[in-house]
Student: 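The following block contains the structure, expressed as structure tokens.
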Amino acid sequence: MSAVPLRNDKPATHGVRKVTVLGATGSIGDSTMDLLRASPERYQVEALTANSNVEGLAKLAIEFNARFAAVADPAKLGELRAALDGTGIACGAGEQAVIEAAARPSDWVMAAVAGAAGLKPALAAVDRGATVALANKECLVCAGEFFMERAAAANACILPADSEHNALFQALASGNRDELTKVIITASGGPFRTWAAADIEQATLAQALKHPNWSMGQKITIDSASMMNKGLEVIEASWLFALTPDEIEVVVHPQSIIHGMVEFSDRSVVAQLGAPDMRIPIAHCLGWPERIIGRAAPLDLTKIGQLTFEAPDFVRFPGLRLAYDALRAGNGATTVYNAANEIAVAAFVKEQIRFGAIARLVEETLNSWIRSGNLAPLSSADEAIAVDHKARNLAASLLPQIAAKAS
Ligand code: NAD
Ligand code: MG
């Protein structure tokens with residue numbers, strides 16, 4: 001049985017729901033807290049976590065009267081204790097404290113830590129059979145098969161919070177899984193959609209951070225500019241809905257109004273539409289299996305005027321092609337894809353490499369990994385994390401030669 005429910009097959013929830021937000025100080029965290037703030041009578045916050053932003057975390061913990069707050073940076077324990085002094089809110093610091101936050105009893109968990117660091121906390125929530133709204137796509141890209149198996153074994157319920165996957169989740173409810181012929185996820189095309197390859201190569205950080213439609217965290221915004229984000233999402237869709245690479249199509253849709261579509265055997269295509277506002281998919285996850293009152297602006301199609309579509313360009317955006325390659329290779333290749341991309345994005349942010357070198361570093365790392373005979377099935381979180389670490393080291397070792405090479 002899949003951990004992603006295919007129909008609204010859970011009884012409606014009544015009473016106060018206990019919720020935990022992992023990555024509460026981030027962009028998804030902020031949207032989640034905005035929805036929680038709107039209905040204080042419905043939700044009780046159990047735990048909140050952040051990486052190092054103690055001030056933001058403490059402020060939220062006090063506002064929502066959380067039971068527990070955890071900061072990932074172990075050096076910040078004293079600061080967090082001082083900020084929560086006299087409030088009665090328990091706190092902790094370090095990776096283990098973030099995992100503890102996820103493991104504490106709550107009905108619903110938003111998994112919105114950025115990057116592969118989100119895997120262990122998300123697993124802690126999954127293992128206790130929680131309902132997990134999964135924003136952190138890296139969990140699935142790093143350890144998808146294993147993650148979904150653990151979720152099914154623990155009877156956890158995974159609700160896709162990424163907008164495209166949430167759209168697929170909603171569209172899938174109008175048919176049976178065995179009637180699906182393919183899914184289509186849309187991509188805005190990012191700020192470089194119409195740029196020539198030579199200009200994309202030289203793009204600056206400020207240019208990469210100017211997303212045309214969505215306001216998001218730094219890493220995912222850069223991934224959107226390189227279309228690595230869509231690559232990560234193709235892999236994410238494959239694990240969430242048990243799809244082969246050939247069943248997942250990407251269409252560039254610059255207006256970001258249609259987020260995902262499912263084609264069924266009778267050639268009906270069911271789409272989900274909405275403004276590009278993450279509070280829409282998050283509200284769907286928060287209310288599921290009911291609908292709650294949203295906070296995003298209503299959709300006015302007459303103002304938008306046109307919805308347009310283009311085929312993705314795998315030459316100017318090689319990161320998307322590499323995701324399909326990694327998915328087909330399997331056996332940890334998608335873990336390597338993600339790890340190399342995290343190293344590449346960090347290097348780009350530090351201005352150590354050009355924008356165009358992000359995809360080159362990912363490709364070199366994947367090729368080198370495969371040439372060395374490293375592909376092997378992953379059967380535990382520790383194995384996935386070991387591959388992640390090894391691939392990061394490999395990518396870091398290849399960085400100087402990639403940085404030195406002109407395109
Ligand atoms: P963000 O950078 O704005 O926030 C990340 C959160 O995780 C922050 O609270 C930060 O303190 C915490 N964090 C970072 N590193 C950590 C670590 N090592 N240990 C513990 N906590 C850590 O990121 P975001 O844009 O909110 O994205 C979060 C996740 O959601 C990512 O996986 C992203 O791909 C996914 N996502 C985001 C959006 C979006 O619109 N922002 C859309 C879809 C999916
Ligand atoms: Mg998305």
Side-chain angles (χ1 to χ4, degrees), residues 1-6 99 102 109 111 113 115-162 164-166 168-169 172 177-178 180 182-183 185 228-248 250 320 322-342 362 365-366 369-370 373-392:
M1 217 201 84
S2 167
V4 179
L6 292 182
I99 295 172
V109 178
V113 168
L119 176 60
K120 280 194 174 171
L123 276 172
V126 156
D127 283 344
R128 62 177 179 79
T131 294
V132 179
L134 193 61
N136 176 288
K137 56 196 78 178
E138 293 88 347
C139 281
L140 293 171
V141 178
C142 287
E145 183 169 21
F146 164 75
F147 187 88
M148 294 307 287
E149 275 171 16
R150 278 257 293 256
N155 218 5
C157 175
I158 305 291
L159 302 177
D162 203 348
E164 298 76 3
H165 306 76
N166 184 266
L168 299 181
F169 177 44
L172 270 165
R177 175 62 184 78
D178 60 1
L180 169 155
K182 71 171 178 189
V183 304
I185 57 175
M228 288 282 181
N229 182 49
K230 217 42 60 178
L232 294 170
E233 290 182 354
V234 166
I235 301 165
E236 183 185 9
S238 137
W239 291 120
L240 278 173
F241 305 111
L243 298 164
T244 65
D246 294 332
E247 289 172 323
I248 309 164
V250 173
L320 186 54
L322 291 169
Y324 278 98
D325 291 350
L327 192 52
R328 289 198 171 94
N331 294 304
T334 61
T335 316
V336 177
Y337 172 86
N338 179 65
N341 183 49
E342 287 195 22
V362 174
T365 309
L366 267 172
W369 184 270
I370 294 168
N374 282 323
L375 288 182
L378 302 177
S379 55
S380 69
D382 287 336
E383 271 179 38
I385 287 163
V387 168
D388 175 72
H389 286 178
K390 219 174 138 186
R392 278 167 200 273

Student: Going through the checks in order, is the side-chain contact (heavy atoms from CB on, under 4.5 Å) test met by I158 and V126?
Tutor: CA-CA 8 Å; I158 305 291; V126 156; 3.8 Å; yes
Student: Donor-acceptor check, side chain of S238 to backbone of P245, threshold 3.5 angstrom: yes or no?
Tutor: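 It does not hold such a pair.
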Student: Are F147 and L119 close enough, and set up right, to give a side-chain contact (heavy atoms from CB on, under 4.5 Å), and what steps lead you there?
Tutor: CA-CA 9 Å; F147 187 88; L119 176 60; 4.0 Å; yes
Student: Evaluate the criterion side-chain contact (heavy atoms from CB on, under 4.5 Å) for residue pair V387 and V336; output intermediate values, then yes/no.
Tutor: CA-CA 7 Å; V387 168; V336 177; 4.0 Å; yes
Student: If you take all heavy atoms of C142 and L378, which pair is closest and at what distance?
Tutor: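 The answer is O-CD1, 3.5 Å.
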Student: Between R150 and A156, is there a donor-acceptor pair closer than 3.5 Å when you use the side chain of the first and the backbone of the second?
Tutor: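 No; zero donor-acceptor contacts below 3.5 Å.
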Student: Is a side-chain N or O of N136 found less than 3.5 angstrom from the main chain of G115, in a donor-acceptor match?
Tutor: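 Yes; judged by distance alone, with no hydrogens or angles, the pair exists.
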Student: Of the non-hydrogen atoms in P5 and F169, which two are nearest, and what is the gap between them?
Tutor: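 P5 and F169 have their closest heavy atoms at O-CE1, 2.9 Å.
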Student: Counting N and O atoms only, with roles assigned by atom type, does the side chain of N166 sit under 3.5 Å from a partner on the main chain of A161, one being a donor and the other an acceptor?
Tutor: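 Here the side-chain-to-backbone pair does not exist.
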Student: Heavy-atom distance under 4.5 Å between the side chains of E236 and L134, does that happen here?
Tutor: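 A side-chain contact under 4.5 Å is absent here.
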Student: Any side-chain heavy atom of F241 sitting closer than 4.5 Å to one from L180?
Tutor: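 No, side chains not in contact.
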Student: Just by modelled atom types, is the A116 backbone N or O under 3.5 Å from a matching donor or acceptor in the E342 side chain?
Tutor: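 A pair under 3.5 Å: yes.
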Student: Just wondering, do R328 and D246 contact through their side chains at under 4.5 Å, heavy atoms?
Tutor: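 Side-chain contact under 4.5 Å: yes.
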Student: Under 3.5 Å, is there a donor-acceptor pair between the side chain of R177 and the main chain of A242?
Tutor: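 Yes, the answer is positive, given that a donor and an acceptor are paired below the 3.5 Å cut-off.
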Student: For A117, what residues pass the side chain to side chain contact (heavy atoms under 4.5 Å, CB included) criterion, not counting sequence neighbours?
Tutor: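 For A117, the residues satisfying side chain to side chain contact (heavy atoms under 4.5 Å, CB included) (neighbours in sequence not counted) are V113.
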Student: Quick one, V109 and R128 - any side-chain contact, counting heavy atoms below 4.5 Å?
Tutor: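 Side chain of V109 against side chain of R128, heavy atoms only: contact under 4.5 Å found.
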Student: Side chains of K137 and N338 only: does a donor on one sit below 3.5 Å from an acceptor on the other?
Tutor: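 Absent: no donor and acceptor within the cut-off.
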Student: One thing to verify: whether D127 and K120 come together as a salt bridge, which I'm taking to mean a side-chain N less than 4.0 angstrom from a carboxylate O.
Tutor: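 A salt bridge is absent here (no side-chain N lies under 4.0 Å from a carboxylate O).
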Student: Which heavy atom in I248 sits nearest to a heavy atom in Y324, and how many Å separate them?
Tutor: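 Nearest pair, atom of I248 first, then Y324: O-OH, 2.7 Å.
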